[in-house]
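Chain letters run A, B, ... following the sequence lines, proteins first, then strands; residues in each count from 1. Model, not experiment: these values are computed from the prediction.
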There are 2 protein chains.
Amino acid sequence: MLEATLNEAATLKRLLDAVKELVQDANFECNEGGINLQAMDNSHVALVAVKLHADGFALFRCDRPIPLGVNLGSLTKVLKCAKDDDKCTLKAADDGDVLSLKYEAHRADRVAEYDMKLMDIDADTLGIPDTDYDVRVTMLSSEFARIVRDLNSLGESVRIEVSKEGVRFASDGEAAQGNILLKQTEAARERYENYGKDDDDQAEEVKEEEDKPKKAKKAKKVKKEEGLEDEDEEMVSGDNDQAEFQAKSEDEGEEEVSDSEKKKRKRSTASSSAKKKAKKAIDDMAEGGGGGVHIEMTQHVNLTFSLKYLVIFSKSASLSDTVQLMLKNDVPLLVSYTFGQGYIRYYLAPKIGDD
Amino acid sequence: MLEATLNEAATLKRLLDAVKELVQDANFECNEGGINLQAMDNSHVALVAVKLHADGFALFRCDRPIPLGVNLGSLTKVLKCAKDDDKCTLKAADDGDVLSLKYEAHRADRVAEYDMKLMDIDADTLGIPDTDYDVRVTMLSSEFARIVRDLNSLGESVRIEVSKEGVRFASDGEAAQGNILLKQTEAARERYENYGKDDDDQAEEVKEEEDKPKKAKKAKKVKKEEGLEDEDEEMVSGDNDQAEFQAKSEDEGEEEVSDSEKKKRKRSTASSSAKKKAKKAIDDMAEGGGGGVHIEMTQHVNLTFSLKYLVIFSKSASLSDTVQLMLKNDVPLLVSYTFGQGYIRYYLAPKIGDD
DNA sequence: TCTTGAGGGA
DNA sequence: TCCCTCAAGA
């Protein structure tokens, strides 16, 4: 039995806006920790991972893990029927094949109920490459969206190059060739330096949007060039240059999530005020002048990606003011949006060679 | 000779927005009382009736009745050429085949004139079933629009059920099944009780948007369960369960209109202040919090309608903040929008059986 | 399949 | 009023 109430239906709507473009059907894995979704697009080039923390819900109850096989098109239709600020309750029986959605106006004079058929979906939980990225770019999600949309009108792919100069997005098209250079914003750098003095603060900024302690550490590495740690990740890591993701067993997936959840909570408690400070710095950057770009780099990187997918990813801008791009040569790009109730992350394999 | 000036061209534009979706050509019947239009959609399932009172015009002159056979597509095009707040003057000669439209900016520094070819249209003035509805639902026109649009994305038809619980809109679709329950708003009910004490007030609220005294009385019945009166209506009434409307002679139509016009004026004079009070109650309800629903009911009803048409009807929301739904089992639904210069009413035959 | 135009929503 | 999405046509 799943019963979960979100205070704003808009969260779900926005989440689906981008995901439905990538995959038609997907399992919402519900367990005590919250709701997860992982799916690859049909061509196995892009992967999307969504997490909604249980404590991001106004009410959350899930007695035992349930996979909800959902046709995202249908779910989108049903969500369209919710007003953005409606209270939204999801319900599913343990063995049922129906997902019920209840929308309640806050004034309680309107109650809408929808029942959606569920389906069985092959449940290959996918292994997400755990990568020690060399670069993290934090920027306005709207700016990222603008850039990929602009370049998408010129060509099919974009080369993303990060150097001391900044981050450059370049695209070649038949009609024209274009590139956009974003320099580290002075203001952003200053704020960064201030808060960066305390390494824990800085690391927490990342941890906040990371489930896996390992990744948090790696983010630290991005800043301080610490050595790698925790190379026991069950999946591809390091020199992964393949364009496709691999499936792993479902059990491993579950384990990983709940395990890291615990660790995350421990850390959060330890330094939550510092975290807030760091978060504030990021927020300031986001608002402080419409273009703050924050770059952390241990290595120059230069990769090429399909713009089609980046344009789809960038539709998640409505979920968060900022987006983080994590890069490392020959490894899938990670595009991450973090919001109050969880996150949505996209992984996109780079184009190899000159295609 | 017709000469009629509206202070805002927007009124005409908005009127046509929905009508042009239902019918391609229609007669604007002009007489001393104003301008009327009645037409059925091609499938004879829906009927639209528009009334613009002569005194809703800044200037109105019509020496003798003229039918203006208009292609609504053309008229829409011509109206697109007017700015919303332009003063708009319609002119037609008694025997001409041209309708002239003049648009004047209020600062009088721009005058545009358009001439539109008229056409002969078979002038079956249609008999509108005069019905003693069992239910009147008054709600925000925007909310009605939202509901039918939402359900239209799920299925083809909607079941409208009114009971003590409230009014429920339910639709079944392939992907999902949904229903929306609107409860009588407390605030709306209170206001209603206050003004409802005086039956005349209450009835006037209806009369104001009714031409036919008979209908006004029946609306009273909705409240008080008075017996039927005036069963001499020339058209189908009472147990009409047929899905189509019937034509009647033009003469009868004209007679009816002018006759009821007179009665209406008499009544208006008698109780205009009470009327204003009642109107205010409705306005308050409409504005008092974005969802006031007001239900008057003498009988449970349960009917099914094609959403396609309701969606078209609901485009008239721009004409009025509120809409009234009048229902009775096995009888066409009346959807009525009343605005300063007149009204637009839609009648839609219910679906019979399980189709 | 891609492009353009219209309609609806923010 | 502008932007975006959806639908129809090439």
Side-chain angles (χ1 to χ4, degrees), chain A residues 8-22 24 41-43 72-86 103 140-150 152-157 173-175 290 306-319 321, chain B residues 8-10 13-24 72-86 105 140-156 173 175 290-291 307-321 323 337:
Chain A
E8 301 215 329
T11 307
L12 266 181
K13 289 173 128 179
R14 293 180 189 147
L15 265 178
L16 259 92
D17 271 346
V19 179
K20 72 169 198 289
E21 306 277 317
L22 291 173
Q24 284 64 58
D41 84 299
N42 297 328
S43 61
L72 299 182
S74 303
L75 181 55
T76 303
K77 272 190 188 173
V78 172
L79 284 172
K80 281 232 167 74
C81 303
K83 292 187 76 171
D84 276 0
D85 57 352
D86 279 354
Y103 309 138
L140 286 182
S141 55
S142 57
E143 183 155 36
F144 178 63
R146 176 64 196 250
I147 288 170
V148 295
R149 253 190 290 122
D150 284 351
N152 187 46
S153 69
L154 296 183
E156 290 193 343
S157 54
E174 303 232 331
S306 157
L307 278 163
K308 184 178 105 185
Y309 289 99
L310 295 181
V311 168
I312 294 175
F313 300 169
S314 71
K315 288 191 203 294
S316 293
S318 54
L319 285 165
D321 285 340
Chain B
E8 301 214 329
K13 288 175 135 181
R14 292 179 191 149
L15 265 177
L16 259 90
D17 270 345
V19 179
K20 71 168 198 290
E21 307 275 317
L22 291 173
V23 283
Q24 286 64 59
L72 300 182
S74 306
L75 181 54
T76 303
K77 277 188 187 168
V78 173
L79 284 172
K80 280 233 165 74
C81 305
K83 290 190 71 175
D84 277 2
D85 56 352
D86 278 355
L140 287 181
S141 56
S142 55
E143 183 154 36
F144 178 64
R146 174 69 197 249
I147 288 170
V148 295
R149 249 190 293 122
D150 281 353
L151 293 182
N152 187 46
S153 70
L154 296 184
E156 291 193 341
L307 279 163
K308 183 178 103 185
Y309 289 99
L310 295 181
V311 168
I312 294 175
F313 301 170
S314 71
K315 290 191 204 296
S316 294
S318 54
L319 286 163
S320 170
D321 284 340
V323 60
Y337 297 86

Enquirer: Between P on D/dA7 and NZ on B/Lys308, what's the gap in Å once rounded to a whole number?
Expert: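 Distance check: B/Lys308 NZ to D/dA7 P gives 15 Å.
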
Enquirer: Between atom CZ in A/Arg146 and atom P in D/dC4, what is the gap in whole Å?
Expert: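 One finds 9 Å between P of D/dC4 and CZ of A/Arg146, rounded.
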
Enquirer: Restricting both atoms to N or O, compile the protein contacts to nucleotides 5-10 of chain C shorter than 3.5 Å, with distance only.
Expert:
residue: C/dG8; atom: OP1; partner: B/Lys315; partner atom: NZ; Å: 2.2
residue: C/dG9; atom: OP1; partner: B/Arg149; partner atom: NE; Å: 3.1
residue: C/dG9; atom: OP1; partner: B/Arg149; partner atom: NH1; Å: 2.2
residue: C/dG9; atom: OP1; partner: B/Arg149; partner atom: NH2; Å: 3.4

Enquirer: Taking the side chain as everything from C-beta on, heavy atoms only, tell me whether A/Ser316 gets closer than 4.5 Å to A/Ser141.
Expert: no

Enquirer: Of all the heavy-atom pairs spanning A/Gln24 and A/Lys20, show the shortest one and how long it is.
Expert: NE2-O, 4.2 Å

Enquirer: Could you tabulate the donor-acceptor pairs under 3.5 Å formed by side-chain atoms of residues 72-80 of chain A, not counting sequence neighbours?
Expert:
residue: A/Ser74; atom: OG; partner: A/Asn71; partner atom: OD1; Å: 3.2
residue: A/Thr76; atom: OG1; partner: A/Leu72; partner atom: O; Å: 2.6

Enquirer: Scan B/Ile147, B/Asn152, B/Asp150 and name whichever one has a side-chain contact (heavy atoms from CB on, under 4.5 Å) with B/Leu307.
Expert: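 When B/Ile147, B/Asn152, B/Asp150 are each tested with B/Leu307, the side-chain contact (heavy atoms from CB on, under 4.5 Å) holds only for B/Asn152.
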
Enquirer: Around atom CD of B/Glu21, are there more than 12 heavy atoms from other residues, nucleotides or ligands closer than 6.0 Å?
Expert: yes

Enquirer: Whole Å only: how far is the CD atom of A/Glu156 from the C1' atom of C/dT1?
Expert: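 Rounded to whole Å, this separation is 14 Å.
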
